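Because the structure is predicted, anything quoted here is derived from the model rather than measured. Labels below follow one simple rule: chain letters A, B, ... track the order of the sequence lines, proteins then strands, and each chain is numbered from 1.
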2 protein chains.
Amino acid sequence: MPVPLYQAKAEFFRTLGHPVRIRVLELLQDGPLPVRDLLAGIEVEASNLSQQLAVLRRAGIVTSTREGSTVVYALSSKDVADLLRAARRILTDMIAGQGELLAELREAEHTRP
Amino acid sequence: MPVPLYQAKAEFFRTLGHPVRIRVLELLQDGPLPVRDLLAGIEVEASNLSQQLAVLRRAGIVTSTREGSTVVYALSSKDVADLLRAARRILTDMIAGQGELLAELREAEHTRP
DNA sequence: TAGCCAATTGAAAACTTCTTCAAGTCCCAC
DNA sequence: GTGGGACTTGAAGAAGTTTTCAATTGGCTA
């Protein structure tokens, strides 16, 4: 058996499972952007961003094209935007439905050293 | 700023990013199941499955209720099923777009023992 | 209550992923 | 062709996750 589908799925989700990568995808939802702009929108060092972009590229989730001296990134499929929307819905519901967790989060904010 | 949303999202996806956990969610898509049945449907040791179930529980993605001497698991929201469907669509498209991988999958299907 | 089955937990070892930093490529302007 | 900016790469250590095994809990039934 080759890479079974459920394993491909797990890998796909694992690829999305990083704050910087999520932000990249969110920024790209409204259209392609040069690295410079991603860098401006995310608090991270250039080399770290590059590493995360490489992860997304290897997974085939984004594509990069060089334009002169800059490099422009884009989502490789519009479906990715749908998925992020679905995720946001779930998350919102989940947080809303779990009063305690919400309270906990709020508490943490007030008791930060 | 509290746990920012993009970080919650990343955590959520990371939680889905494991083959055993994906299989559990797929099996639960059609309704609640006792651990015994999950165990029968996934090739993994009981204690390992328990660990993965604990991860899903902590994330609030599934719920467990004890019924007599067995424990029954269920998806905590139907939206999870939607999300998995969205993911399947993306993955299928992505694979279709990447000819070689598709060929590999097809090959595997014909050469199944 | 003793013994058993179902499931879970704790903890250590094995494995992956993340961050960081120095070095490298590519392109453009001088 | 030298210098500089934009980005990427390699590699090493730090941080996090997964697996495994032994020990444990909870509920049944003899």
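If you measure from atom CZ of A:R36 to atom P of C:dC27, you get 16 Å, rounded to the nearest angstrom. Rounded to whole Å, atom C1' of C:dT17 lies 14 Å from atom CG of A:L56. Atom CD of A:Q52 and atom P of C:dT20 are 11 Å apart (whole Å).
Residues that satisfy the salt bridge (Lys or Arg N to Asp or Glu O under 4.0 Å) test with B:R85, not counting sequence neighbours, are B:D82. By the salt bridge (Lys or Arg N to Asp or Glu O under 4.0 Å) test, B:R88 pairs with B:E26, sequence neighbours left out.
The residue among B:S69 and A:G68 whose nearest nucleotide of DNA chain C is located toward the 5' end is B:S69.
Judged by distance alone, the side chain of B:R66 and the main-chain N or O of B:G68 form a donor-acceptor pair under 3.5 Å.
Shown here for B:T15 and B:A59, the closest heavy-atom pair between the two residues is CG2-CB, 3.7 Å. Residues A:S64 and A:V71 approach most closely at CB-CG1, 3.9 Å, considering heavy atoms.
Linking Ile, Leu, Val, Met, Phe, Trp and Tyr residues whenever their side-chain heavy atoms come within less than 4.5 Å leaves B:V62 and B:V72 in two separate clusters.
In summary, contact between chain B and DNA chain D, defined as any nucleotide atom under 4.0 Å from a heavy atom of the protein, begins and ends at D:dT17 to D:dC28 in the 5' to 3' direction.
In this structure, the side chains of A:L83 and B:F13 come closer than 4.5 Å at one or more pairs of heavy atoms.
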Can you pull every protein N or O that's under 3.5 Å from an N or O on nucleotides 8-11 of chain C?
{"residue": "C:dT8", "atom": "OP1", "partner": "B:Y73", "partner atom": "OH", "Å": "2.6"}
{"residue": "C:dT8", "atom": "OP2", "partner": "B:S50", "partner atom": "OG", "Å": "2.7"}
{"residue": "C:dT8", "atom": "O5'", "partner": "B:S50", "partner atom": "OG", "Å": "3.4"}
{"residue": "C:dG10", "atom": "O6", "partner": "B:Q51", "partner atom": "NE2", "Å": "2.7"}
{"residue": "C:dA11", "atom": "N6", "partner": "B:Q51", "partner atom": "NE2", "Å": "3.2"}

Under 3.5 Å, which donor-acceptor pairs link side chains of residues 37-57 of chain B to any protein atom two or more places apart or in another chain?
{"residue": "B:N48", "atom": "OD1", "partner": "B:Q52", "partner atom": "NE2", "Å": "3.1"}
{"residue": "B:Q52", "atom": "OE1", "partner": "B:R21", "partner atom": "NH1", "Å": "2.7"}
{"residue": "B:R57", "atom": "NE", "partner": "B:Y73", "partner atom": "OH", "Å": "3.1"}
{"residue": "B:R57", "atom": "NH2", "partner": "B:Y73", "partner atom": "OH", "Å": "3.4"}

